[in-house]
Amino acid sequence: MTQSHIAIVDCNNFYVSCERVFNPQLCNMPVVVLSNNDGCIIARSNEAKALGIPMGAPYFKWKRMIEDSGVAVMSSNYALYGDMSSRVMQVLAAIAPAIEIYSIDESFLDFSNLPDTLNPVDLADRLRQQVAQWTGIPVSIGMASSKTLAKIANRLAKKNPSKHGVANLTDPTEIATTLAATDVEDIWGIGRRWARMLKACNIMTAADFRSCSDSWVRQKMGVVGLRTLHELRGIPCVSLELESPDKKSICVSRSFSTPVMEHAALTDRLSDFASRAAAKTRKTGLVAGYITVFVRTNRFQKDRPQYSNAVTLTFPEMTAHTADILAATRQGLAHIYRPGYEYKKAGVLLTNLMRQDMTPQSLWTHAGSPKTLIVKEKRNKLMQAFDGINGRFGHGSIAYGIAKRKNNWFMRQEKVSPRYTTRWEDLPTV
DNA sequence: TCTGGGGTCCTAGGACCC
DNA sequence: TCTGGGGTCCTAGGACCC
């Protein structure tokens with residue numbers, strides 16, 4: 001068996017980099033990108049990080065400082081980021097032996113079994129240059145024998161300018177010094193809670209953690225923590241997933257820019273979420289068995305009356321049909337809606353998903369009978385036409401009557417860039 | 001005034017069964 | 001004064017990720 005070697009390619013400050021590709025004035029200056037409703041800061045350029053602006057911070061708390069420091073602020077433009085992501089991944093997939101797309105801005109690549117003539121660092125350099133040339137996005141690449149170590153190598157590549165964006169972490173001495181310089185909370189798989197617990201036990205760095213005993217880690221952090229421990233020792237426990245598995249849940253939820261009190265208004269918004277969720281489900285060729293509808297008040301306003309509730313309903317027959325999902329959403333909301341509260345967030349979650357062609361037939365519909373088949377066929381064709389129109393002209397171009405009243409509740413999005421790559425009208429001109 | 005959205009996996013404990 | 005033992009399935013909640 002050959003030694004495992006894994007590379008992770010991570011786009012630098014991805015959302016900011018996407019904005020910069022089409023608006024070069026944003027280069028060499030501090031830039032942040034905001035979440036939906038311009039609520040939180042979810043991406044920062046290096047210059048913005050240097051100013052001390054933290055990831056995930058509420059925008060309103062930093063607005064003053066951001067304005068005073070001349071930081072450029074962009075609302076998020078997911079149509080642009082999603083499209084840029086697939087371009088980056090296409091370049092990687094064309095060159096690398098095998099790829100696992102891990103998130104919108106990261107991919108793991110299989111560098112095991114490279115031919116002797118091909119040095120992994122040379123291959124990584126080539127990938128970096130090719131992605132930069134063909135998409136304009138800068139990436140960093142870390143390599144090691146496990147995913148967790150590759151992640152640490154990636155941080156090294158980003159932090160250490162002498163690495164020029166590529167770090168291959170294989171030398172035991174370099175691994176030891178790098179782990180000693182890595183804070184325990186910067187390990188992939190160690191979040192805030194576990195970091196706090198570990199630090200309380202005087203385990204401060206990745207090197208400290210690596211020398212903990214298996215039994216102690218197993219007891220405190222379960223098998224997940226144990227896996228991370230072994231990965232840090234260079235034993236791969238998290239394998240590459242070359243085929244992306246089917247989703248197990250599909251969720252559409254939003255916070256509202258202003259609170260919603262009325263049942264009818266909540267129905268409007270949830271109906272929109274429901275039809276988006278239905279379209280997402282059809283797009284992946286799945287059908288849902290259960291639906292959960294949830295609502296909640298603003299959890300940050302502790303002096304206001306709080307209410308949060310959810311209900312799960314079972315579909316009589318698995319479905320991805322907008323009409324079924326809308327009906328269930330309205331039924332679910334009727335169960336959990338209580339008047340007198342200021343609702344801040346709501347959503348629809350579809351679970352028990354299955355490939356449509358694997359769906360068990362209901363006992364009651366005589367699924368095989370010619371009449372039922374014709375009805376099903378008609379319903380499916382309706383949804384195909386529906387998706388075709390919305391795919392071409394944008395979500396909501398066509399909608400069920402109950403899903404679309406007046407959409408006068410737009411998201412707050414004051415600084416959004418054009419959809420340069422996915423809308424003809426927004427194509428940049430040169 | 002203003003605090004995102006979408007996922008995964010694991011575990012403990014209860015219900016139920018023999 | 002006493003009240004088995006073991007297995008499976010399901011779910012809620014907790015941890016994590018980007």
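Naming: A, B, ... by sequence-line order, numbering from 1 per chain.
When each of A:Cys40 and A:Ile250 is assigned the nucleotide of DNA chain B bearing its nearest heavy atom, the one mapping closer to the 5' terminus is A:Cys40. Closest-nucleotide positions on DNA chain B for A:Phe256 and A:Ser253 were compared, and the one nearer the 5' end corresponds to A:Phe256.
Between A:Gln413 atom CD and B:dG4 atom C1' the separation is 12 Å, expressed in whole Å. Atom P of nucleotide B:dG7 and atom CD1 of A:Ile42 are separated by 15 Å, given to the nearest angstrom. In this structure, CG of A:Leu353 is placed 12 Å from C1' of B:dG7, rounded to the nearest angstrom. Rounded to whole Å, atom C1' of B:dC10 lies 12 Å from atom NZ of A:Lys248. The interatomic distance linking A:Asn36 (CG) with B:dG4 (C1') rounds to 6 Å, in whole Å. Atom-to-atom, CZ of A:Phe273 to P of B:dG4 comes out at 13 Å; the value is rounded to the nearest Å. Between A:Met221 atom CE and B:dC10 atom P the separation is 14 Å, expressed in whole Å. Rounded to a whole Å, the OH atom of A:Tyr81 is 13 Å from the C1' atom of B:dG4.
A:Asn37 and A:Ser255 share no side-chain donor-acceptor pair at under 3.5 Å. A donor and an acceptor atom, one from each side chain of A:Asn309 and A:His335, are nowhere located under 3.5 Å apart. A:Ser140 and A:Asn154 share no donor-acceptor pair across their side chains, judged by distance under 3.5 Å alone. Between the side chains of A:His230 and A:Asp214, at least one donor-acceptor pair of N or O atoms lies under 3.5 Å. Side-chain atoms of A:Glu262 and A:Tyr343 form no donor-acceptor pair, as typed in the model, at a separation below 3.5 Å. If you check the side chains of A:Glu106 and A:Ser103, you find a donor sitting under 3.5 Å from an acceptor. Side chains of A:Ser417 and A:Asn77: a donor-acceptor N/O pair is present below 3.5 angstrom, by distance only. Side-chain N/O atoms of A:Thr312 and A:Thr292 include a donor and acceptor closer than 3.5 Å. Looking only at atom types and distance, the side chain of A:Ser75 has no donor-acceptor partner in the side chain of A:Gln413 under 3.5 Å away.
For A:Lys345 and B:dG5, the shortest distance from a side-chain N or O to OP1 or OP2 is below 4.0 Å. The side chain of A:Lys220 places no N or O atom within less than 4.0 Å of a non-bridging phosphate oxygen (OP1 or OP2) of B:dT11. In this model, the phosphate group of B:dG6 is approached by a side-chain N or O of A:Arg254 to a distance below 4.0 Å at OP1 or OP2. Contact check, A:Lys247 against B:dG6: no side-chain N or O comes under 4.0 Å of OP1 or OP2. Put simply, A:Gln301 has no side-chain N or O that comes within less than 4.0 Å of OP1 or OP2 on B:dT3. For A:Ser255 and B:dT3, the shortest distance from a side-chain N or O to OP1 or OP2 is not below 4.0 Å.
For C:dG4 and B:dC17, the C1' atoms lie 14 Å apart once the distance is rounded to whole Å.
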Per-nucleotide protein contact string for nucleotides 12-18 of chain C (B base, S sugar-phosphate only, - none; heavy atom under 4.0 Å): ---SSSS
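Taken residue by residue, residues 48-70 of chain A places no heavy atom nearer than 4.0 Å to DNA chain C.
Aromatic pair A:Trp188/A:Phe108: centroids less than 6.0 angstrom apart.
Note on A:Lys147: nothing from the nucleic acid sits closer than 4.0 angstrom, heavy atoms only.
Stretches of at least 3 consecutive Watson-Crick or G-U wobble pairs, with each checked distance under 3.5 Å, appear in DNA chain C as B:5-18 with C:5-18.
Under the 4.5 Å side-chain criterion, counting only non-hydrogen atoms from C-beta, A:Ser253 is not in contact with A:Val348.
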Evaluation steps, side chain to side chain donor-acceptor pair (under 3.5 Å), between A:Lys49 and A:Asn13: CA-CA 10 Å; A:Lys49 289 176 189 174; A:Asn13 315 327; 2.8 Å; yes
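The side-chain tip of A:Arg269 points at the ring of A:Phe256 from less than 6.0 angstrom away and within 45° of straight on.
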